[in-house]
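In what follows, a single structure is set out as structure tokens and then discussed.
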2 protein chains.
Amino acid sequence: MASDIEIARAAKMRPITEIGAKLDIPPEALESYGSTKAKVKSSFIAGLNGRPDGKLILVTAINPTSAGEGKTTTTVGLGDGLNRIGKRAAMCLREPSLGPCFGMKGGAAGGGHAQVVPMEDINLHFTGDFHAITSAHNLLSALIDNHIYWGNTLEIDVRRVTWRRVMDMNDRSLREIVSSLGGVANGFPREAGFDITVASEIMAILCLATDLADLQERLGNIIIGYRRDRSAITARDLEADGAMTVLLKEAMQPNLVQTLENNPAFIHGGPFANIAHGCNSVIATRTALKLADYVVTEAGFGADLGAEKFFDIKCRKAGLSPAAAVIVATIRALKMNGGVGKDELGEENVEALKKGCANLGRHIENVKQFGVPVVVAINHFVTDTDAEVEAIKAYAAEQGVEAVLCQHWAKGSEGTEELARKVVELVEHDSAQFAPLYEDDMPLFAKIQTVARRIYRADDVAADKSVRDQLHKWEADGFGHLPVCMAKTQYSFSTDPNLRGAPTGHMVPVREVRLSAGAGFIVVICGEIMTMPGLPKVPSANHIRLDADGQIEGLF
Amino acid sequence: MASDIEIARAAKMRPITEIGAKLDIPPEALESYGSTKAKVKSSFIAGLNGRPDGKLILVTAINPTSAGEGKTTTTVGLGDGLNRIGKRAAMCLREPSLGPCFGMKGGAAGGGHAQVVPMEDINLHFTGDFHAITSAHNLLSALIDNHIYWGNTLEIDVRRVTWRRVMDMNDRSLREIVSSLGGVANGFPREAGFDITVASEIMAILCLATDLADLQERLGNIIIGYRRDRSAITARDLEADGAMTVLLKEAMQPNLVQTLENNPAFIHGGPFANIAHGCNSVIATRTALKLADYVVTEAGFGADLGAEKFFDIKCRKAGLSPAAAVIVATIRALKMNGGVGKDELGEENVEALKKGCANLGRHIENVKQFGVPVVVAINHFVTDTDAEVEAIKAYAAEQGVEAVLCQHWAKGSEGTEELARKVVELVEHDSAQFAPLYEDDMPLFAKIQTVARRIYRADDVAADKSVRDQLHKWEADGFGHLPVCMAKTQYSFSTDPNLRGAPTGHMVPVREVRLSAGAGFIVVICGEIMTMPGLPKVPSANHIRLDADGQIEGLF
């Protein structure tokens, strides 16, 4: 069987201007990066205002295994399927992070016959967006220490600088450092550290900003740290917002590429799905909606995290109204949710599958709570048996939704034609009545409780007084209207990754809350959250190289 | 008078394919980055082998003031001038560093009517080359600490890790850090630090490598640190060379842009001119020589550093044979070399000028030592008087060379037509007999002495026994054939920046020597060398922003 990279290399890519033409983007509106990648120019995007929007379809998933359930692959497959049945459809995906490529083998541009190309470029430097974010982030960091060095007129408390540095690399040794050592000329020593670029608040900001003016406003709102009296200091106070915006000018323009079937895909932005909202950029989604009749997009992790944030943060803030949602499930992951161990997932086990379906059922209920109609996509694996597939279909039918077997990995759009037809049916039935889970004016702690109870089905939220006091202080400071951005494990509805299926009776302990004033949400940390990964003992970097033909090997 | 940025914005840029066509580069050999920037594809470059070379002209300078004497501007002006008189000429320039843009106001893409465009792009992210170098450098850094973390089978002495990290930012607080703090999960705490990206050995390697295979070989040769027994550990030992090469695959392709007069300019690579050799890439220069009849290029700082390294490192290693050299002088800098204070440079002072001409005279003699014929370009300033200009011309004539007044800043190629004709005359006279200053097999310390005595005109070199022992050890280890890369102040022939003119009787103290085994030279540190700049009290970042029309203001 051909590998992802072999399939990708065999692809017959069309010039990107031809892909743009499918959406009536004129060639002069594209800033090309080679012949198969382009940015859509801001000036063209600004001219789309007032056009009607296409229909927005979210692809989300059940609680995944560590391999993921194939959201990106299904997003690509569904987009290709919609094009196959004659719809004008585009996809909106997240950009992969460079750093992890050198740790574990594997890219993030779909798989099998449902990929976006050129996959090597997309997985490596692409159009430089993440490098621009890294630069803008670290410029602010440099300006903070420079301000302190030259007299600190803003009275930044060096112990309370919350703005760290970033690098698009898995490098555990940078998590905690002491900087400015070496004497007077190097500044005032202080504790500092690095996150990976995708965890930068600037990544979240870029993905939520509607245009360059909004971007600059949000960058200015970033809180970099506090004074001894705990009053906040912003990037605007440091006069950093203008230069950061300049660094991000090109990065704000969405990237256009194509699927293996030459259909248009926007790939733009890629914030973490725990400490941030985990969706591609608002500007890409909005642009796609102006240009296509159907826009298929994905959200990070399972629906408890990804879909909830997509609805409560991205759609709320951007005024988007999704018409339907696809919940991706695999038989393997459902069996795992039903208690089967990792090594026995390849064997038929209908009973365990039925038990694990409770996980799927709850995600279906949850998405429906937002007023969005649902279809289930069974992402087919070769080990799946007919009896297992039928069991899921029967379970879904009991929940009042359809489950469709999808074989896009093996067959491309031929394998998603049925899913595409079901999605069109749902959309044309026009039953969506989207509303976020909670109102803006609900107190912050009540918002956390609402998500915990209605989505995670927890009994309650546990939080120290210090956490509650912090939330009250932010409410007093005018941040009470912000949505909450929950950071917890992706493997369970609860905060315990081993609690599979559809657990009840659990508590959600809030360890810490953080204000992302630029992005515009309150991060609620429930459990260990890693914002700078490490490399494994044998990193894939050891085996990545150019082969004799100049092709990259070992990356995927 | 119009500012640089106003002139640049008023430029009528031609599509980059049209610029390529001037050098018979077919459109399919260009990887475009928008309509006015492109990379020349490696596959096309590989096909140029065997073609005859054009003539290579070096633009160098006297010892400069802190404002620089206009080497880049003169390189562009001369290239335009050669095109104006009907020659097929291209320019080869260095890429500017992003970090310093946010410190002091000012770009590095020429000035006035002698600029390369699009200047904002060139000064900011450009085609991402420096970001790729940053990534490749920091990947190696991460792999070092990761190796130590997972058991350190190579027995790296954590006190003897010489490979630092880099960032393309002026950030003094990262010069000296302690990393891996925070407990077991974050590794073994050790002293570490960051340089600015242009100081990375990878920058020097990229600029000296002849193709991707040579690049990988050199990356593998990088010494990252030592064991307790002082034996060296390389990037190849860490299996990092393949992945680093993959990250640099696109960055190895030279960038093509245009001058304000729509002539072709290659801008590729930009190593420091102190701890590295300060020239654009060998691959860009070689490519340009295959495509143009005249190739004008620049080297960093004054001729004592820049030209010497251009000849002894770049030309020696790449087998290049320059046909002529232009020494740029300004009347202001010559007066400063003649003892005039900064505030009186605007007033006519022929006596001081004549005294300062000794500096010019020595650079002329030095360049001639390499067998390269010389012409002097007087880079005109509005405050220059006719008497001053005549004094330089008379002085140059005494040295047997011509000095030509150049007004490219104000007039573009009209202001360099005479210079272009003189250069053609020199080249057609065919008197160049280039040879490096010393042979490969001269002992390392003797190489240092040769440069110090014959170029700097020092009495001798002072070095501790530890330095001499180190040089002997490298000779024993097989590095004795490498050239030396001198790192000293750019403001004087001596190591004292205040010793202007043409000092004699001084000593060159060697503080430290470093082996750049990948780049292939021994760095000889004579004085304070800063590899991570800081930001000033009021950084230009504070005033950089987009104006109401979306144009960048405050950057230039």
Side-chain angles (χ1 to χ4, degrees), chain A residues 31-35 42 98 102 124-125 128 131-132 134-135 138-139 141-143 145-146 149-150 167-182 185-187 191 212 216 239-243 245-247 249-250 534-535 537 539 541-546 550 552 554-555, chain B residues 31-35 42 98 102 124-125 128 131-132 134-135 138-139 141-143 145-146 149-150 167-182 185-187 191 212 216 239-243 245-247 249-250 534-535 537 539 541-546 550 552 554-555:
Chain A
E31 184 87 353
S32 64
Y33 285 67
S35 57
S42 300
L98 174 63
F102 300 103
L124 292 173
H125 305 293
H131 291 317
T134 304
S135 289
N138 292 332
L139 172 61
S141 312
L143 290 170
D145 279 300
N146 192 57
Y149 176 82
W150 286 105
M167 188 180 279
D168 198 1
M169 194 60 65
N170 287 15
D171 191 346
R172 67 172 68 75
S173 61
L174 291 177
R175 286 173 190 153
E176 302 295 339
I177 68 170
V178 171
S179 60
S180 290
L181 295 170
N186 297 348
E191 290 183 53
L212 284 169
Q216 178 159 348
E239 300 177 79
D241 48 329
T245 305
V246 166
L247 279 170
K249 193 162 81 90
E250 276 74 38
L535 291 168
K537 184 161 187 177
N542 291 8
H543 306 110
I544 293 173
R545 56 185 60 245
L546 296 176
I552 299 169
L555 185 55
Chain B
E31 184 87 353
S32 64
Y33 285 67
S35 57
S42 300
L98 174 63
F102 300 104
L124 292 172
H125 305 293
H131 291 316
T134 304
S135 289
N138 292 331
L139 172 61
S141 311
L143 290 170
D145 280 299
N146 192 57
Y149 177 83
W150 286 105
M167 189 180 279
D168 197 2
M169 193 61 65
N170 288 15
D171 191 347
R172 67 172 66 75
S173 60
L174 292 177
R175 286 173 189 154
E176 302 296 338
I177 68 170
V178 171
S179 60
S180 289
L181 296 170
N186 298 348
E191 291 183 55
L212 284 169
Q216 178 159 347
E239 300 178 80
D241 49 329
T245 305
V246 165
L247 279 170
K249 194 161 80 88
E250 276 75 38
L535 292 168
K537 184 161 188 177
N542 290 9
H543 306 110
I544 294 173
R545 57 184 61 245
L546 297 176
I552 299 169
L555 186 54

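Lettering of chains follows the sequences in order, A, B, ..., and the numbering in each one begins at 1.
Contact check for A:Leu143 versus B:Pro539: side-chain heavy atoms found under the 4.5 Å cut-off. Between B:His125 and A:Ser135, some side-chain heavy-atom pair lies under the 4.5 Å cut-off.
Note: B:Ser32 leads B:Ser32, B:Gly187, B:Ala142 in heavy-atom pairs under 4.5 Å with chain A. Of the residues considered (B:Asp145, B:Asn146, B:Leu212), B:Asn146 shows the highest number of contacts with chain A, using heavy-atom pairs under 4.5 Å. Of the listed residues A:Thr134, A:Leu98, A:Val178, the one with more heavy-atom pairs under 4.5 angstrom with chain B than any other is A:Val178. Comparing A:Leu535, A:Asp168, A:Asp241, A:Val246 by how many heavy-atom pairs each has under 4.5 Å with chain B, the most go to A:Leu535. Of the listed residues (A:Thr245, A:Ile552, A:Asn542, A:Leu546), the one with the most heavy-atom contacts under 4.5 Å to chain B is A:Asn542. Of the listed residues (B:Gly128, B:Gly534, B:Ala132, B:Ser42), the greatest number of heavy-atom pairs within a distance under 4.5 Å of chain A belongs to B:Ala132. The residue among A:Gly34, A:Gly182, A:Ser35 with the most heavy atom pairs within less than 4.5 Å of chain B is A:Gly34.
Only the side chain of B:Phe102 comes within less than 4.5 Å of a heavy atom of chain A; its backbone N, CA, C and O stay farther away. For chain A, the nearby parts of B:His131 are the backbone and the side chain; heavy atoms of each come within less than 4.5 Å. A:Glu191 does not touch chain B: none of its heavy atoms, backbone or side chain, sits under 4.5 Å away. In this structure, the portions of B:Leu247 lying under 4.5 Å from any heavy atom of chain A include both its backbone and its side chain. Neither the backbone nor the side chain of B:Ala240 comes within less than 4.5 Å of any heavy atom in chain A.
The CD1 atom of B:Ile544 sits 8.0 Å away from atom CG of A:Leu139, with the distance rounded to the nearest 0.5 Å. Summarising the geometry, atom CG belonging to B:Asn186 is positioned 10.0 Å from atom CG belonging to A:Asp171; distances are rounded to the nearest 0.5 Å. Interatomic distance, CG of A:Asn138 versus CE of B:Met169, reported as 6.0 Å (0.5 Å rounding). We find the NZ-CG distance between A:Lys249 and B:Leu124 to be 8.5 Å, quoted to the nearest 0.5 Å. Between the CG atom in B:Leu174 and the CG atom in A:Leu181 there is a gap of 10.5 Å [rounded to 0.5 Å].
Checking side-chain atoms of B:Arg545 against main-chain N and O of A:Gln216 turns up no donor-acceptor pair under 3.5 Å. Distance alone, capped at 3.5 Å, places no donor-acceptor pair between the A:Arg172 side chain and the B:Tyr149 backbone.
Inspection of the B:Ser179 and A:Ser173 side chains reveals no N or O donor paired with an N or O acceptor under 3.5 Å.
The heavy-atom pair separating B:Ala243 from A:Ala541 by the smallest distance is CB-O, 3.5 Å.
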